[in-house]
Amino acid sequence: MASIKNQKLLPKNILSLRSLILLILLGSLGVLFFSFSRWVAQNGWLSPEVYFFAFRSRLFHHASPQEGLGHFFLTYPFLPFLLSLFFSSPLFPPVVTGIFVTLFAIPWLKRFTPFCATLVFAGFLTSPFFLATLCVSPTIILFYALFLNALLTLLSFEKTNLVLYLFLGGISLGLTILVLPLPWWFLIALGGYILTNVRRPFTQRVSLLLVFFFPSMAILGILAFSHWVYSDTSFGFLRASYSFLPHFPPFTWENLRSSLPSLRLWHLFFFLPFLWSMRRERRLLFWGAILGIGNLWMGFPPSVLVTLFLFAAAFLGNTNPFPARNTFLGFSFLLCLVAGWLLFVHNPSSFFAPIPYTDLSLKVPDYVSINRQLPSPSKTLILDHDSFLSVILTTPHPPITSESPLFGMATTHPHLFCDSIVAPHDYENPFPQFEEVWQGQTLKLYQKLP
Amino acid sequence: MSEKPLGELLVEKGFISRREVEQALAIQKETKGLLGEILVSQGFIAPFLLYQVIAEQMQLPYVGKDLGELVSRVEKEVIELFSSQELLRFHFFPLSRREDTLVVATTLPQNTHLDTFLEEKLGIRHVEKQVITPYEMDWLIHFFFQEQFLKEAVTGLFFRSPQESAARVFTPFQWIMFTILVILFSGGLCFFPSLTFTIFFAFANLFYLFNILFKFLLSISGSVVENQETVTEEEIRSLQASELPIYTILLPLHREPFSVIAQLVSSIRELDYPQEKLDILFLIEEDDQETLHHCKKAKPPYNVRFITIPKGFPKTKPRACNFGLLFARGEFLTIYDAEDIPERDQLKKAVVAFRKSPPEIICFQAALNFYNQRQNLLTRLFTLEYSYWFDYLLPGLFALKLPIPLGGTSNHFRTDALRTLGGWDPFNVTEDADLGMRASYRGYRVGILNSTTYEEANSALRNWIRQRSRWLKGYLQTFLVHNRNPWKIMKQSGFKGWLTLQIFIGGTPIGEAASVVLWGLFIFWLLARKQIALPFLPPTLIYIGSFNLLWGNFFGVYLSMLAVFRRNLHELVVFSLLNPTYWLLAGIAAWKGIFQLLSRPFFWEKTIHGLHQESKTSP
């Protein structure tokens, strides 16, 4: 009797050779990411963002169980924090993020021949662009990986009608909310695209929109609920400096101003052949533009743009005039890799973000101490410019930071708005109705006189 | 024997027209069936007329006119020489024996297999044949084997394999464990409330965590194979009608309104399968004269046989099905509910699926969905649930080679294998789920068929609660039955088979019942958040509880949303947001099921069908 067709669909043994290769690959990449981030840290180029996740993790492990709950649910961006939760060292957020992104990329490589897939894989993950960006901003790497994955799965759904792609795409897009709230800007554009460009009846387009966006809406709801439970402020997570929506337009403008001049022509060389070979692919240009603008908005090195655009081009292009497109792509990636490393060795510091380094290793313990000394219902004014560290504070009232609307008035009339003030160690302006109660290595704490 | 062909004789006597003969001959050319059966199945002639002519053609007496007289001629000691299955298989009923001659009534007088069989079994060389119709044959079997059949239908499984029967709800060991748990919980609540609450909370949440992860894994596995068809359209097209075997359809009917029966008859006629190869059994309870009347009024085709189920305990659908199974003639068998509308080619698909499957796949489950999904909110939510269950979870179970609890209808069986399994458990009120699990634990597998049967979604809340509480009670029965010897289950189907029983079968009613308590606690905590602190709860539990509450509900809603999207039921997508309300209703039904398990374990709460038609006809 003929064997049943579906037997070939059944899952393979988890201890197969393929799984073993995957484990070895992930292990090797883990060692590479770790070595690179250690080297970056030794040179003082590891970004405050990476320290932030490491210190949040340390804080979580050293807090009391009840305080730990607050740290866990109130930390934002949540996903990178969750990924690095088990490691307190700042060397690990780039490593776990890199591994996570690798896992996301693997299924897409099935579109290439094995030779080409290996080249692309090696070329991308071992490129200095990728490694450096991991150490600059694991958040943005995660964001792009998830967002790109969402777009690719949506396109795959359009091609195959396989609901699994819709599911993965929706979840992927939803998870970006746990990284940055910015996808909402893209979601609006994407919603418009689905409603106007997707060739389906209107009711189907609306339901497609609902299905695709539900995870994002639900995850936003989950975040808001968690924050409401632990801080009474549903959207407190938007206080994270680079996602504070009221500050978004000036923030974007500043980033555009600083990023555009740093875009060098050589950044474009490597993806010009792709542009040429995929010139008829309008969708590619559309998404490429979105990625580019997004990248510039975020103010990260143009290397990120180049890498991501190459990546997107490789996966999105399907009208390529070259018969050996895969080999061509692989070769180009290899070229990118070699050229990238040459440039990196020549001037490594240019690959890292121009964000001033702050010795957070001193500042975070101060915040921890302040948190223990603050009376429980205290209203606190934060005059420190690393305002994202203020999320360490677990008082029920959200602290007033430079991003709060009341900040200006609170600074001039602090006695009307707060009970405590956290100021830098060298802050010289006196607060008449407050007394200094504690002084750490980088910060001071004032409390209102009775 | 007359040399004239049967068709000619029938035309000569004016029973049928020449055109009807030609039509029947055309069908015969394609299906290679018997002309007489084709004529009857097409409704061209009444069976008793046909068989009289056949008797005349064969120059044999037709003895079906006076059944009373026929019964008086039957020698009981001759019947005892044969099993009922032998009689049904060779289409004969022994009447008497005179030395070397056996007198039999048969529906197939030209059947030479019968002569061979009788010679091999009893060494009889002379068989005196008399003709009866299949209906009279059924009547005779029913008359003489009723008690034996009833005994087999009710206690067959229990006597052959008491460990697998739900006739005993709890074993002594299970009673002891249950009592200890109740005492510990009650005592704990009185003397150590915080600790007891923490333990309860921990168990409930760990269970939910496993449940969520397990169902997520199933859904992913199910969606990976969503575009893979068990049987393709091309395979159906290349199927020769002559290759199709006899297919039995069991239709247990109970208190069915005429509208439902009329729809059923119409669905039967619509099936894309040679009518003469359909062996359709209407299973009607002896005291249900109303349904019998409706069935007669609906004038079903002649390939439908009415089987009267004698009065008895327990009065359940599986008992009726077991009784019907004893009359089944088909190589394959399926079961439909009265209100079902299967896709036209479902039987053909099942035949192809069986033919290309290994013998250990003894059953194929078709998907179930609803034709009245837009009737009201309840039917919409029910559709969401069914779409998720049949389109994601069951294919996921199949893909991971896990036991599959069968759905209520549209299970297609290899008839012999079903008999080997012992049929349905009449004491289990979800006999289908139990059968699926039993099959798996005996080394068989259940496959998934890419065909849908459309049913009537329950549109009235009380009716829905009745149906759901019965299902959940049945799941608990199945859980208890197969947990009598967990080591054996693990040995036979591995850890994952055992886990499926705990999470999928036991977990469904227990989880739904616990969800009511947990939702209640959550709402209470939400309202009194500032006043009520639960410092005794370990943070790990709060993390797990939060994950279950937030992500569990999210996945539940999202997956059902995707399921209806996949079925192109786009207008239902938005209703998936109301799923938590529906789960709350299921929780209420679960509690009812639990109480009923303790008070009336075998009580079959009948689901009222035909509400859909009623709502359409009401002003």
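Labels below follow one simple rule: chain letters A, B, ... track the order of the sequence lines, proteins then strands, and each chain is numbered from 1. Worth knowing before you read on, the calculation uses all heavy atoms, side chains too, and leaves out hydrogens, waters and symmetry mates.
- Within the 6.0 Å centre-distance limit, the rings of A:Phe104 and A:Phe100 are counted as a close aromatic pair.
- Of the atoms belonging to A:Pro201, not a single heavy atom falls under 4.5 Å from chain B.
- Among the candidates B:Val573, B:Ile220, B:Leu562, the residue making the largest number of heavy-atom pairs closer than 4.5 Å to chain A is B:Leu562.
- When each of B:Tyr392, B:Phe555, B:Phe565, B:Trp551 is checked for heavy-atom pairs under 4.5 Å with chain A, B:Phe565 comes out on top.
- With hydrogens and angles left out, the side-chain atoms of A:Arg56 and A:Thr75 include a donor and acceptor closer than 3.5 Å.
- When side chains are defined from C-beta on, B:Phe398 does not count as touching B:Val446, because their heavy atoms never get closer than 4.5 Å.
- Of the residues considered (A:Gly221, A:Pro215, A:Ala218), A:Pro215 shows the highest number of contacts with chain B, using heavy-atom pairs under 4.5 Å.
- Interface remark: A:Ile219 contributes side-chain atoms only to the contact with chain B (heavy atom separation under 4.5 Å).
- Residues A:Phe214 and B:Phe554 bring their aromatic ring centres within 6.0 Å.
- In the model, B:Thr452 has no side-chain atom that pairs as donor or acceptor with a side-chain atom of B:Asn369 under 3.5 Å.
- Heavy atoms of B:Leu572 lying under 4.5 Å from chain A are absent altogether.
- Side-chain contact between A:Ile177 and A:Phe78: absent, with no pair of heavy atoms (C-beta onward) separated by less than 4.5 Å.
- Of the residues considered (A:Leu210, A:Thr203, A:Leu69), A:Leu69 shows the highest number of contacts with chain B, using heavy-atom pairs under 4.5 Å.
- Looking at A:Ser226, only its side chain comes within 4.5 Å of chain B, counting heavy atoms on both sides.
- If you tally non-hydrogen atom pairs under 4.5 Å between each of B:Ser221, B:Ser576, B:Ser223 and chain A, the highest count goes to B:Ser223.
- Between A:Val96 and A:Phe53, every side-chain heavy-atom pair lies at or beyond the 4.5 Å cut-off.
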